[in-house]
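Structure record follows, encoded as structure tokens.
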Amino acid sequence: MNTPENSPSSAAPYGLRPAEAQKKVTVPTFADMRARGEKIAMLTAYDATFAAVADAAGVDTLLVGDSLGMVCQGGNGTVGVTLEDMAYHTRCVAEGVRRTGGRSLIVADLPFGSYQVSKEQAITSAVALMSAGAQMVKLEGGGWVAETARFLVERGVPVCGHLGLTPQTVSSLGGFRVQGRTDEAAARLREDSAALEAAGATMLVLEMVPAALAASITADLAVCATIGIGAGRGTAGQVLVLHDMLGINLGRMAKFVHNFMDGSDGVKDAIARYVHAVKSGSFPDDAKHAW
Ligand code: KIV
């Protein structure tokens with residue numbers, strides 16, 4: 001039987017490059033990448049093995065997404081995911097990245113109900129995820145969320161915002177719909193993006209936003225790196241849900257997803273092709289994947 005001690009994975013999992021040859025991604029790396037025009041490749045991960053494979057395949061940042069409520073727990077959405085669930089999966093992902101030499105930076109979602117009550121609740125929840133191995137936390141929404149983001153950043157917690165389609169409040173949005181289509185909604189997205197940057201957010205996920213709007217928000221922000229999902233190719237980086245890009249989604253595949261397993265040799269190859277497609281700008285193809 002393979003144990004962590006006797007399996008090949010303890011020495012050189014998946015034939016990885018040696019740890020010394022990999023430059024760790026840190027919080028300032030994202031602004032540097034943005035400044036030099038290198039696209040950021042983010043992918044969700046929920047367990048040690050996939051995190052190790054994704055890290056080895058060259059992903060810059062792993063998101064322990066509360067999408068685990070759907071892909072790991074089989075639920076309909078993210079609302080039922082708890083802080084304990086997030087801490088557990090963050091620990092698993094951190095262990096996987098540690099095994100490979102730890103290049104990718106780990107971002108963990110603050111789940112619904114873990115930051116809305118007060119700023120004190122938000123910092124307590126963020127500390128729980130950072131203690132589990134996250135190096136940044138993500139929280140959804142604009143408006144008051146910017147003040148909470150500022151409170152976290154001032155206390156040493158790097159923050160990633162999330163605007164556009166925000167899955168934790170999908171019922172208030174009336175379903176999984178493209179956001180920012182009207183002038184008023186677009187103006188609100190611009191304002192919220194600027195407020196999050198002013199609050200010190202390092203990254204900002206823009207989900208299901210028209211490509212032209214996402215590109216223009218990206219250009220308006222000075223340092224905060226936008227990460228698009230269904231937001232066209234004009235953002236500073238891209239994120240996909242791991243299971244979606246491997247073509248093993250249990251539900252309906254969204255228009256913005258591409259199945260990178262098609263024509264790949266295996267999971268690591270598929271993820272490496274995703275990373276390459278993001279960095280080269282060939283994914284997303286705005287004619288196929290954007291609004
Ligand atoms: O939870 C998640 O996977 C996410 C991504 C869709 C950005 O928030």
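Numbering of ligands and ligand atoms starts at 1, following listing order.
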With atoms numbered from 1 as shown, which atoms in ligand 1 lie under 4.0 angstrom from a non-hydrogen atom of [X]?
X	answer
Asp109	1 (O), 2 (C), 8 (O)
Gly65	1 (O), 2 (C), 3 (O)
Ile229	6 (C)

Between [X] (side chain) and [Y] (backbone), is there a donor-acceptor pair under 3.5 Å?
X	Y	value
Glu95	Ala48	no
Gln168	Leu110	yes
Thr90	Ala132	no

Looking only at protein heavy atoms, which one is nearest to atom 7 (C) of ligand 1, and how far off is it?
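Checking every protein heavy atom, the shortest distance to atom 7 (C) of ligand 1 gives Leu63 CD2, 3.7 Å.
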Has Lys138 got any heavy atom lying under 4.0 angstrom from an atom of ligand 1?
yes
Compute the minimum heavy-atom distance from Met42 to ligand 1 and say whether it is under 4.0 Å.
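It does not, in that no heavy atom of Met42 comes within the 4.0 Å cut-off of ligand 1.
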Answer yes or no: does an N/O atom from [X] fall short of 3.5 Å to an N/O atom of ligand 1?
X	result
Thr44	no
Tyr46	no
Asp66	yes
Ser67	yes

Over 12 foreign heavy atoms within 6.0 Å of CG, Asp262:
yes
Does atom CG of Asp269 have more than 12 heavy-atom neighbours from other groups under 6.0 Å away?
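Yes, because the 6.0 Å sphere around CG of Asp269 holds more than 12 heavy atoms from other groups.
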Could you verify whether a donor N or O on one side chain and an acceptor N or O on the other, from Thr29 and Asp32, lie under 3.5 Å apart?
no
What class does the angle between the rings of Phe256 and Trp291 fall in, given that below 30° is parallel, 30 to 60° is tilted and above 60° is perpendicular?
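Plane angle over 60°, so perpendicular.
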Output yes when Arg188 and Glu191 qualify as a salt bridge under the 4.0 Å nitrogen-oxygen rule, no when they do not.
no
Side chain, backbone, both or neither: the part of Ile227 lying under 4.0 Å from ligand 1 by heavy atom
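The answer is neither.
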